[in-house]
Amino acid sequence: MKISVLDDYHDTVRTLPCFAKLAGHDVRIWNDHVQDVARLAGRLQDTEALVLIRERTQIREPLLERLPALRLISQRSVYPHIDVAACTRLGIIVSSNQHTGAPSYAAAELTFGLILAAMRQIPQQMNALRAGNWQIGVGNTLRGKTLGIYGYGRIGAAVAGYGKAFGMNVRVWAREASLARARSDGYEVAPNKQAFFEACDIVSLHMRLVDATRGIVTADDLARMKPTALLVNTSRAPLIEPGALVNALRAGHPGMVAVDVFEEEPVRDPNHPLLQIPNVVCTPHIGYVTREEYELQFSDIFDQIVAYANGGPINVVNPEALLHARRDA
C-alpha cells in the first residue's frame with residue numbers, strides 16, 4: 001500500500017523498532033505541519049493509508065473529498081480531528097485503538113513535571129541564572145499541599161498516585177462513576193465543584209474533549225482558586241472557557257499556570273499571551289512525545305494497517321464504512 005505519515009516533526013517514526021511492520025509498503029513521511037487543504041490534497045493524492053500523529057492535523061470533508069485513493073486512516077486514541085461521518089460516506093475506514101486500561105504514563109509524568117517546574121520556578125530560575133542572576137524567588141514544597149484531580153480517568157489516576165507518593169493530599173472532582181472509582185482507590189472526593197476549586201492548591205485537568213466537557217472550567221471556577229494556587233492543563237485547551245485563563249491570571253486567581261496544550265496548535269507566535277506572563281510554564285504539547293510512548297502508539301497504528309492490508313480491519317470506529325469500503329469498489 002501507499003502510506004503517508006503526517007506531522008512527524010523530528011523524523012522519529014522511521015527510527016522506531018515497530019516501523020519494520022511496514023516492510024514492503026511504500027511509505028512517505030512528512031516532517032512539517034500543513035493544514036492548507038489544497039497543499040494536503042496535493043501531497044496525499046495517491047495515498048491509500050493515512051497515518052496521523054494524534055490530533056496535529058484536522059482531517060475534514062473538504063480534504064477527504066479530494067483524496068480519491070484513500071481507503072484507511074490509522075491512528076491511536078480519540079479522534080475529534082477526523083470527520084468520521086464524511087469518512088463513512090466516502091467508504092474510508094477509520095481505525096483507532098482506544099488502548100483501554102493503558103494510560104499514557106508519558107503524559108502523566110509530564111503533568112507532574114510541570115507541577116514541579118511551576119511550584120519551584122524551575123524555568124524562571126534557569127533563565128535568571130543564564131542572565132547572571134542568583135536566585136530570583138522562593139518556591140513551594142509539594143508535601144502537604146492539596147492536589148486536585150479534575151477528571152479521574154487513566155491519566156488522572158496515575159497523577160493522583162504520583163501526588164500521593166509526594167505526600168500530597170489528593171482530592172478528586174469528576175463524573176459520579178469516576179468519583180466512585182476515586183473513593184474505592186482511597187482518595188477524598190470534593191463535595192461539589194465550587195469547593196474543589198476553592199480548596200485545592202493545585203488543580204490538574206484530566207478529561208477528554210467532547211461536547212459535554214468543552215468550556216467545563218469557567219471563569220468563575222478559576223476566580224475561586226487561591227492566589228497561591230496552580231492550574232495545570234495537559235489535556236486539551238478548550239476544556240477551559242475561551243479567554244478565561246489569561247484573564248484569570250491577570251486577576252491573580254490562580255497565581256500560576258502550567259500548560260502543555262493551546263487552543264490553536266502549533267503555537268509559533270512568541271507574543272502569545274501565555275508566553276508573556278512570567279508566572280506561566282508552557283510546553284509545546286509534548287505530553288505523549290517520548291520514544292517509549294511513540295513505540296506503543298505506532299505499534300498499534302501499524303498493526304491496524306497490516307490487518308487492513310490482510311483483509312481484516314481492526315479497531316474500526318465507523319463499521320458502516322465496511323459496507324461500501326473503497327477497496328471493494
Side-chain angles (χ1 to χ4, degrees), residues 1-61 63-79 81-84 86-99 102 104 288-329:
M1 295 182 69
K2 292 183 177 180
I3 301 168
S4 290
V5 181
L6 294 181
D7 298 300
D8 183 14
Y9 299 152
H10 305 292
D11 204 23
T12 305
V13 170
R14 71 177 78 249
T15 70
L16 300 173
C18 65
F19 189 67
K21 294 182 178 185
L22 297 186
H25 293 284
D26 180 1
V27 183
R28 180 73 183 271
I29 298 176
W30 299 91
N31 305 128
D32 58 349
H33 173 74
V34 172
Q35 189 58 69
D36 180 75
V37 169
R39 290 181 65 190
L40 283 172
R43 289 184 174 187
L44 305 176
Q45 193 63 208
D46 299 326
T47 296
E48 295 170 298
L50 177 60
V51 171
L52 301 180
I53 299 182
R54 300 299 291 263
E55 300 161 38
R56 290 178 176 176
T57 296
Q58 300 290 310
I59 307 297
R60 304 296 183 193
E61 186 173 35
L63 173 61
L64 292 165
E65 289 183 334
R66 297 177 64 171
L67 302 178
L70 186 61
R71 304 175 184 179
L72 172 72
I73 297 176
S74 186
Q75 63 139 55
R76 195 174 191 258
S77 197
V78 295
Y79 38 87
H81 53 300
I82 302 175
D83 189 337
V84 177
C87 289
T88 302
R89 179 176 61 79
L90 294 168
I92 301 168
I93 294 169
V94 179
S95 287
S96 188
N97 185 351
Q98 297 303 300
H99 52 97
S104 171
Y288 64 95
V289 184
T290 68
R291 291 195 63 85
E292 294 81 4
E293 185 75 11
Y294 266 33
E295 179 66 21
L296 285 171
Q297 291 191 19
F298 284 99
S299 184
D300 285 346
I301 290 169
F302 297 156
D303 282 344
Q304 290 167 174
I305 293 175
V306 171
Y308 176 88
N310 290 335
I314 59 174
N315 302 323
V316 177
V317 302
N318 58 339
E320 299 89 347
L322 295 171
L323 301 175
H324 53 281
R326 284 179 169 175
R327 69 180 301 165
D328 299 326

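Rounding to the nearest 0.5 Å gives a distance of 9.0 Å between CD of Glu295 and OG1 of Thr15. Here CD1 of Ile73 is found 11.0 Å from OG1 of Thr47. Values are rounded to the nearest 0.5 Å. Note: Ile92 CD1 to Leu70 CG = 4.5 Å, rounded to the nearest 0.5 Å. Between Gln297 atom CD and Cys18 atom SG the span is 10.0 Å, to the nearest 0.5 Å. Atom CG of Asp7 is separated from atom CD of Gln35 by 8.5 Å, given to the nearest 0.5 angstrom. Between Tyr294 atom OH and Ile53 atom CD1 the span is 4.5 Å, to the nearest 0.5 Å.
Taking all atoms of both residues into account, the shortest heavy-atom contact from Leu322 to Ile93 is CD2-CD1, 3.3 Å. Taking every heavy atom of both residues into account, Pro68 and Arg326 meet most closely at O-NH1, 3.4 Å.
Under a 4.0 Å N-O distance rule, the pair Glu48/Lys2 does not qualify as a salt bridge.
Phe298 does not carry Arg76 over the face of its six-membered ring by the limits of under 6.0 Å from the centre and within 45° of the normal. Geometrically, Arg56 engages Tyr9 in a cation-pi contact, judged by NZ or CZ lying under 6.0 Å from the ring centre and within 45° of the ring axis.
Not a single donor-acceptor pair under 3.5 Å links the side chain of His25 to the backbone N or O of Ile3. Side chain of Asp8 to main chain of Val13: a donor-acceptor pair is present (N/O by atom type, distance under 3.5 Å, no hydrogens or angles).
Side-chain polar atoms of Gln304 and Ser74 form a donor-acceptor pair below 3.5 angstrom.
The shortest side-chain heavy-atom distance between Leu50 and Leu72 does not fall under the 4.5 Å cut-off. Within the 4.5 Å cutoff, side-chain heavy atoms of His33 are placed close to those of Thr57. Looking at Val78 and Gln98, their side chains come closer than 4.5 Å, going by heavy atoms from C-beta outward. Side-chain contact between Val317 and Ser95: absent, with no pair of heavy atoms (C-beta onward) separated by less than 4.5 Å. Annotation: side chain of Asn97 is not in contact with side chain of Gln75 (no heavy-atom distance under 4.5 Å). The shortest side-chain heavy-atom distance between Val51 and Ser4 does not fall under the 4.5 Å cut-off. Looking at Tyr308 and Ile314, their side chains never come closer than 4.5 Å, going by heavy atoms from C-beta outward.
Surrounding NZ of Lys21 are more than 12 heavy atoms belonging to other residues, nucleotides or ligands, all under 6.0 Å away.
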> Should Arg66 and Val37 be marked as a side-chain contact (heavy atoms from CB on, under 4.5 Å) after you check the CA-CA gap, both sets of side-chain angles, and the distance that decides it?
Replying inline: CA-CA 9 Å; Arg66 297 177 64 171; Val37 169; 4.0 Å; yes
>> For a side-chain contact (heavy atoms from CB on, under 4.5 Å) check, start with the C-alpha distance between His324 and Leu90, then their side-chain angles and the critical distance, and finish with the verdict.
In response: CA-CA 8 Å; His324 53 281; Leu90 294 168; over 6 Å; no
>> I'd like to know whether Ile82 forms a side-chain contact (heavy atoms from CB on, under 4.5 Å) with Cys87, so could you lay out the CA-CA distance, the side-chain angles of the two residues, the decisive distance to 0.1 Å, and finally the verdict.
In response: CA-CA 8 Å; Ile82 302 175; Cys87 289; 3.9 Å; yes
> Would Phe19 and Thr12 count as a side-chain contact (heavy atoms from CB on, under 4.5 Å) if you check the C-alpha gap in whole Å, the side-chain angles of each, and the deciding distance to 0.1 Å?
Replying inline: CA-CA 10 Å; Phe19 189 67; Thr12 305; over 6 Å; no
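Residue pairs meeting the salt bridge (charged side-chain N to carboxylate O under 4.0 Å, His left out) criterion with at least one member in residues 23-38, sequence neighbours excluded: Asp32-Arg43.
For Glu293, the salt bridge (Lys or Arg N to Asp or Glu O under 4.0 Å) test picks out no residue, with sequence neighbours left out. Remark: Glu61 engages Glu65, Asp83, Ala86, Arg89 in a side chain to side chain contact (heavy atoms under 4.5 Å, CB included) (not counting sequence neighbours).
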